[in-house]
Amino acid sequence: MRTGGFPCRAGCDRAFAVVDQSSLEALRAASTARTEHEIAAHGYHHVALAEERPHLPNAPIVRRKPVDR
């Protein structure tokens, strides 16, 4: 049974908990542990899909003007 945290994307029941919920380093450590497990145990390498775009919180919002018909 999976518990909270980052679940293994390769389909096993392992999950990698973020030890300190207020720490960015703890978040990175859990993510790194998951990636290392997926590669070692399953030979799994995540491939980003073409439609996956990075989240850019400070990027300007582009608003398109409606086309007059």
Side-chain angles (χ1 to χ4, degrees):
M1 174 195 281
R2 290 185 182 191
T3 59
F6 288 116
C8 175
R9 291 177 285 206
C12 76
D13 290 335
R14 293 274 312 263
F16 301 86
V18 179
V19 178
D20 180 359
Q21 295 292 315
S22 64
S23 168
L24 186 56
E25 281 305 312
L27 178 69
R28 287 185 185 129
S31 177
T32 299
R34 174 180 71 171
T35 299
E36 290 171 353
H37 162 78
E38 290 169 341
I39 293 169
H42 308 291
Y44 176 87
H45 294 271
H46 180 69
V47 177
L49 302 175
E51 60 266 8
E52 287 184 19
R53 295 184 309 178
H55 176 67
L56 303 172
N58 296 323
I61 297 172
V62 177
R63 298 183 195 259
R64 294 190 175 108
K65 294 181 181 178
V67 177
D68 292 329
R69 294 184 187 228

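Side chains included, hydrogens not; waters and symmetry mates left out as well; all remaining heavy atoms used. The first residue in the sequence is number 1, and the count goes up from there.
Put simply, Val19 and Leu24 are part of two different groups of oily side chains (I, L, V, M, F, W, Y) that touch within less than 4.5 Å, one to the next.
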Less than 3.5 Å apart, which donor and acceptor atoms pair up between the side chains of residues 25-32 and the rest of the protein, not counting sequence neighbours?
from, atom 1, to, atom 2, distance (Å)
Glu25, OE2, Arg28, NH1, 2.8
Thr32, OG1, Arg28, O, 2.9

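For Cys12 against His42, the heavy-atom pair with the smallest separation is SG-NE2, 3.4 Å.
A donor-acceptor pair is defined here as one N or O able to donate and one able to accept, closer than 3.5 Å; such a pair exists between the side chain of Arg34 and the backbone of Pro7.
Ring geometry for Phe16 versus His37: interplanar angle of 30 to 60°, hence tilted.
For the pair Thr35 and Arg9, the minimum side-chain heavy-atom distance is below 4.5 Å.
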